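Written out below as C-alpha cells is the structure these notes cover.
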Amino acid sequence: MYPKQFFIEQFSEVASEELLVKLSSEDLVDNAKEAIRDILAARGMSVTDINRVSKEMHKAQYRMARGTNECDYCGNLAKSNPVLNEGQRFCSKKCWHQARIAEVAVDLTEATILQAARKIRSGVCPVCASMATPVEVRYSYIATSIIIMSNQETKTRLCCVPCGRKENRGGFLVSFFIGWWGIPWGPIFTIAALFGNLKAMFEMMSDEEPSDELIKLTKNQLAVGALEKSAQIL
Ligand SMILES: [Zn+2]
Ligand SMILES: [Zn+2]
C-alpha cells in the first residue's frame, strides 16, 4: 500500500468538495482517506464537519437524477417501464431499492457492521439451524454442458460448514457428470468447477473474523432493516 505522504502529494491540489466526495467512496484505501482528512483539516475543516459533509455528499449521490433515459442507479438504459420515484428514474424495482439501501447504509458505522457480522457468524445456520460451526458466505461451483453450449455458475450461500460442503459435493457431482460435453469450454469449466469445489470443501475459512463478503451482506441487511423500520419502502 502507498504511504499516506504519497496521497497527500496526489490530492494537495484537489478542490475540497471533490476530496469530500472521494472520502465517502468505499473503494479508497485507508491511507488515502487519512491523507484527505489531513488536507481538509489543514484547510481549516473540523473532524465533525468533515464526517458530516462527506456523508451528506455521499448520500446525495444516490438521490441524483441524470435526467436521461438511463437508470439513476446502475446506468443501464431505463426506457421501457421505468420505475419513477421522487424525481429519479430506475430501470427496475431492484435498482430503486438498491439506491435507497445504499443511501441508508452510508450512516452505518464499521463497528456496528462488524459487530452484527460477528453475531451472524456465531449464530444459527439459516439452512439447517445448527450452531455447531461458523456461519459464513460460502461458495460452490457448477459447470454444465449441452452439446456445444457450456455454462459455469458460482453460487453463494450463507450457511454453516456442513451445509457449505453439501453444496460443494452437489456442485462437484453435477459438474463431473454433465460438465464435460461441450467443446471447447466444457472441459475447462468442469476442471475449474471440480477444483473450486474441492478447494472450498477443504478450506472452510478457518479465520476467526467475518469475511469481506459477510461484512457486505451484513451491511445490506442492516440497511434493509433500517429502511423497513422507517417504512420508506419494501
Ligand atoms: Zn438499474
Ligand atoms: Zn447448516
Side-chain angles (χ1 to χ4, degrees), residues 21 24-27 57-106 116-142 153-175 193 196-221 223-224 226-228 232-234:
V21 173
S24 52
S25 87
E26 274 147 39
D27 36 53
M57 287 181 131
H58 191 189
K59 281 177 163 185
Q61 287 173 21
Y62 297 116
R63 289 281 178 177
M64 235 150 57
R66 296 169 202 238
T68 62
N69 278 337
E70 287 157 4
C71 172
D72 283 325
Y73 184 71
C74 74
N76 286 341
L77 209 61
K79 221 170 178 179
S80 57
N81 297 325
V83 178
L84 303 172
N85 182 261
E86 296 180 38
Q88 285 183 291
R89 183 186 193 96
F90 301 101
C91 69
S92 61
K93 228 175 167 177
K94 195 179 162 208
C95 276
W96 165 42
H97 288 178
Q98 281 307 321
R100 299 298 175 254
I101 289 168
E103 184 191 10
V104 170
V106 173
R118 283 183 181 144
K119 219 171 138 190
I120 292 176
R121 202 180 142 85
S122 60
V124 174
C125 168
V127 180
C128 71
S130 153
M131 278 184 85
T133 54
V135 172
E136 255 297 350
V137 177
R138 305 193 185 280
Y139 291 87
S140 61
Y141 310 89
I142 300 173
E153 194 187 344
T154 301
K155 281 190 179 174
T156 56
R157 192 171 215 189
L158 184 70
C159 61
C160 68
V161 173
C163 287
R165 289 195 172 139
K166 204 169 143 189
E167 289 283 312
N168 289 130
R169 273 198 299 275
F172 188 95
L173 287 176
V174 170
S175 308
N197 284 311
L198 285 177
K199 194 163 167 261
M201 274 168 99
F202 292 108
E203 225 183 44
M204 274 289 173
M205 294 191 215
S206 46
D207 303 351
E208 291 299 309
E209 286 293 344
S211 65
D212 290 347
E213 290 80 11
L214 181 56
I215 298 269
K216 227 162 112 182
L217 187 111
T218 310
K219 189 174 174 184
N220 201 62
Q221 279 188 6
V224 170
L227 268 181
E228 279 172 347
Q232 284 190 39
I233 55 159
L234 311 176

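One-based numbering, in listed order, for ligands and for the atoms of each. Computed from a predicted structure; not experimentally measured. Positions are given from 1, in the same order as the sequence printed here.
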Compute the angle centred on the Zn ion (ligand 1) spanning SG of Cys71 and SG of Cys91, and express it rounded to 10 degrees. 110°
Check the orientation of Tyr141 and Tyr139. Use parallel for under 30°, tilted for 30 to 60°, and perpendicular for over 60°. parallel
To the nearest 0.5 Å, atom NZ of Lys94 lies from atom CD1 of Ile101 at 10.0 Å
If you stand at the Zn ion (ligand 1) and look out to SG of Cys74 and SG of Cys95, what angle do those two lines make, to 10°? 110°
The Zn ion (ligand 2) to nearest N/O/S of Cys159 below 2.8 Å: no
Does this structure show an ion pair linking Arg89 with Asp72, if we count only N-O contacts that are shorter than 4.0 Å? no
Is there a donor-acceptor pair under 3.5 Å between the side chain of Glu136 and the backbone N or O of Ser211? yes
